[in-house]
Each structure stands twice: as structure tokens, then as C-alpha cells.
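The figures here come from the full heavy-atom set of this structure, side chains too, leaving out hydrogens, waters and symmetry mates. Each ligand, and each atom within it, is numbered from 1 in the order the structure gives.
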Amino acid sequence: MSHRSGRHFLQIPGPTNVPDRVLRAIDRATVDHRGPEFGPMTLEILQGLRAVFQTKQPVIIFPASGTGAWEAALVNTLSPGDRVLMCETGHFASLWQKMAGKLGLAVELIPTDWRRGADPAAVESKLKEDGARSIKAVCVVHNETSTGVTSRVAAVRKAIDAAGHPALYMVDTISSLASIDYRHDEWGVDVTVAGSQKGLMLPPGLSFNAVSEKARKASQSAKLPRSYWSWDEMLANNKTGYFPYTPATNLLYGLHEALKMLQEEGLPNVFARHARHAEATRRAVRAWGLEILCAVPEEYSNTLTTVIMPAGHDADRLRKTILDAYDMSLGTGLGRLAGKVFRIGHLGDFNDLALAGTLVGVEMGLALAGVPHKKGGVLAAFEHLTESARAPSRKVA
Ligand SMILES: Cc1ncc(COP(=O)(O)O)c(C=O)c1O
């Protein structure tokens, strides 16, 4: 391996680039997590997290990747054999579904072609068919990171209500939280699952459950075995800012700083920034003459764009060309999309020039790898960035 000068472009849809302020915050001496400094910091973090989840309910922090928070959501609320309704929007929804099966839950699946989000009408009709009310939870991935599709979480809530069904509502926001508008309370979500390594601009290693009162009530009678993931002990210890077992001390320093940064920028500005970069990226893809995987414009993701390769061209070969020539990592195609698509991550600590570099790298890579495309994607994106920087709508309160 030889040294490569300049910054590596990490443009996968998470883990994302960790800003210097967060790196510096993590780079501190570890303190006693049961000592006097730690509790007050945790209480500030828990408060700051509630603002990001847009909730007044408790948020629980696990020293784990997002997969752990998926498991925590299921084992705290459900019992062996319970029916759960899951929307198979892509690779991550499929993994959550497989986990539910392994835990002994009976999964009912609403399949899709992986080019659209969860279908509220299909959820409503499945729930209406369940006269015995034996479905205990509806699970949706808000932003499917394998496809670049954002499901309409509020519309699915309305569908559950229209069916008059008491099922818990669980939503995975691992690649949307702190990037795409998400409202745990207003949208009536019972368990929100999230992770540290995307919109929160941290390294991987923390994950979260925001939990409604209804979910906490369900946890009192839920029978799936749980110990490490148990909410009860977490909530009891968190009251004073402590944890039942060793928390990821230095990642929490980073989270404390990241929450300050999000607060300084203002969540509506964070959402508007992601929307603007996503739109510029889509304009680039269209100008290249390539196709966006998401087939429903109102469900376009603001955190990543998945691009379909022209027939006969391998996405991973293009990704390798771009990595070798320009030191940029793009997301690979996952599951049934392997080799067929590549994913451009435009989330987290990101700005106009970072997007410019990313799109220039893709356009040069397409040419270098001999992938049929038109020139001008970068220009189309630049035009949007310039126009939207001038527009008054850029100044979102
Ligand atoms: C939407 C979504 N859900 C779940 C996961 C799994 O999280 P982790 O890999 O942190 O365990 C990911 C990972 O990228 C994801 O994007």
C-alpha cells in the first residue's frame, strides 16, 4: 500500500464522514462512567436526542450497531409467535424481517419491487383483514438505504388508524434521522430505531430506540427473552444520567458535540440542506442519461441516490475504477441489486463543494470505465446549487 495524498471521499450512504469537531470531542481521556461528570453530560445528551427524534418520550442509547436497536425494538415489545407485518422495501427491510423470524415471530410480508416505499393502502387492507387483531406490530424502514427510497411514515400511520388497528408501529430511521424530517410523536410511532453513523455524523457503535408510552406498556407483558437489550434497566438508570452497563464513553462525547452542531445549524436547515443536495444529485444522474432506481418521485431519498447501471455494465467495476483513480468510495448494490446499481451518499457532514467533488468523481469515473453516458451531469447539478442558493426558499427558518 502506498500513501495517497488528499482526503479520501467516503460517499457511501453511511458510515459518513465524521467532522473534526466530533473527532476532537471523542479524542479525550476516558472518564469514570459512574463518576460525577458523566451523569450531567448524559442528561444533556438524552435531552438533545429527544429534539432530534422530535419526541417528548424517552430515547434509549445502546452501545451497538443499528442491528442491535432492531433487536431491542422487537424483543422488548413482542412475544414468541406474535404476528408482525413488515414492508419489504429493500435489503435492510429484508434483514429486519429475517431477524424477526429468527426470534420466533410470525412475519407477514408486503413485498415490493424494491423501487418504492411501504404502501399505506396495502398496510390498511392487511390490517382490516385481521379481524382477530392478532398482528402485534407494523414495521417500516423510513429510508431504505439499499434503494434510496423514503417511505411515507405519516401516511402509514394514517392507514393503521383507518383500519382501527391497535398494532404497535415501529420505524427504522437509521439512514434518515437528523437528515430527513422525522417526527416520532406527531406521526404516532411507538418504537423508532436509529444509529450513530449516518445523519448523526458519528462513527458506528451507538444505536437508539425512542419509545412511546404504548410501547413501554407492551414491554411489561412481552415474553421474548431479553437481557442486554432490556429497556427497563436502561430507563431506570438513565433517570440520573447513568447506564446499567458500561456505555461507549468516548462515542457519547462525540454525540454530545454532534447534537450541539445539529442544534446550531437548526434541524429545518439540516433537512433543507439534504433536500437541496439530493435534488442536485438527481439532476446530475438524469443529465448523464442514467436511471434513478426509485420509481416514485415523492419517495426520492434525500440522503442517497441509487443509480441503475446501463445493461451489460457492472456497477462494482465502476466503483473500483472510481476508488482506484479518484480515491472515492461509493455504495455497492446490496442483495438482489448487486452489480446492477451504485449508490451515492449525500448525507451527514456535507456541503456544496463536497457534493461537487463527489459528482465530478462519478462523471470522470463513468468516462474512465467506458460506461455509456452523456456529459453535463456535473453542470446540471452546479446550476441547481447556484439557483437554489439564490432562491429565498434556501433560508428555511
Ligand atoms: C436502514 C438501515 N437499517 C439497518 C441497518 C443496519 O445497521 P448496522 O449495520 O449499523 O447494524 C442499516 C445499515 O446501514 C440501514 O441502513
- Hey, which atoms in ligand 1 end up nearer than 4.0 Å to a heavy atom of Ser65? 8 (P), 10 (O), 11 (O)

- Honestly, for Glu144 the part within reach of ligand 1 (heavy atoms, under 4.0 Å) is neither

- Query: Which of the atoms in ligand 1, numbered in the order shown and given with their element, are less than 4.0 Å from a heavy-atom of Asn143?
  - Reply: 1 (C)

- Using a heavy-atom cut-off of under 4.0 Å, does the side chain or the backbone of Trp70 touch ligand 1, or both, or neither? side chain

- Message: Regarding Thr306 and Arg343, do their side chains bring together a donor and an acceptor under 3.5 Å, going by distance alone?
- Response: no

- Quick one: does Ile174 get an N or O within less than 3.5 Å of an N or O on ligand 1? no

- Ignoring hydrogens and geometry, is there a side-chain-to-backbone donor-acceptor pair from Asp82 to Ser79 under 3.5 Å? yes

- Item | atom 13 (C) of ligand 1: the protein heavy-atom neighbour that sits closest, reported with distance to 0.1 Å | Phe92 CE2, 3.4 Å

- Task: Distance to 0.1 Å, residue and atom name: give those for the protein heavy atom nearest to atom 1 (C) of ligand 1.
- Result: Thr145 OG1, 3.1 Å

- Query: What protein heavy atom sits nearest atom 6 (C) of ligand 1, and how far off is it?
  - Reply: Thr67 OG1, 3.7 Å

- Query: Judged by modelled atom types alone, do Trp96 and Asp172 share a side-chain donor-acceptor pair under 3.5 Å?
  - Reply: no

- Note on the structure: Of all heavy-atom pairs linking Leu206 and Ala248, the shortest is CD2-CB, 3.8 Å

- Any idea which part of Leu95 is under 4.0 Å from ligand 1, heavy-atom wise: side chain, backbone, both or neither? neither

- Task: Go through Val362 and Trp288 one step at a time and tell me if the side-chain contact (heavy atoms from CB on, under 4.5 Å) criterion holds.
- Result: CA-CA 10 Å; Val362 176; Trp288 289 324; 3.5 Å; yes

- Item | Atoms of ligand 1 close to Lys198 [distance to a heavy atom under 4.0 angstrom, numbered from 1] | 13 (C), 14 (O), 16 (O)

- Message: Could you tell me if Trp114 and Glu88 have a donor-acceptor pair between their side chains, going purely by distance under 3.5 Å?
- Response: yes

- N/O of Gln197 under 3.5 Å from N/O of ligand 1, yes or no? yes

- Identify, for atom 3 (N) of ligand 1, the protein heavy atom at the shortest distance, and state residue, atom and that distance. Asp172 OD2, 2.6 Å

- Query: Any sub-3.5 Å donor-acceptor pair from Asn250's side-chain atoms to Arg28's backbone N or O?
  - Reply: yes

- Message: Side chains of Thr192 and His184 only: does a donor on one sit below 3.5 Å from an acceptor on the other?
- Response: yes

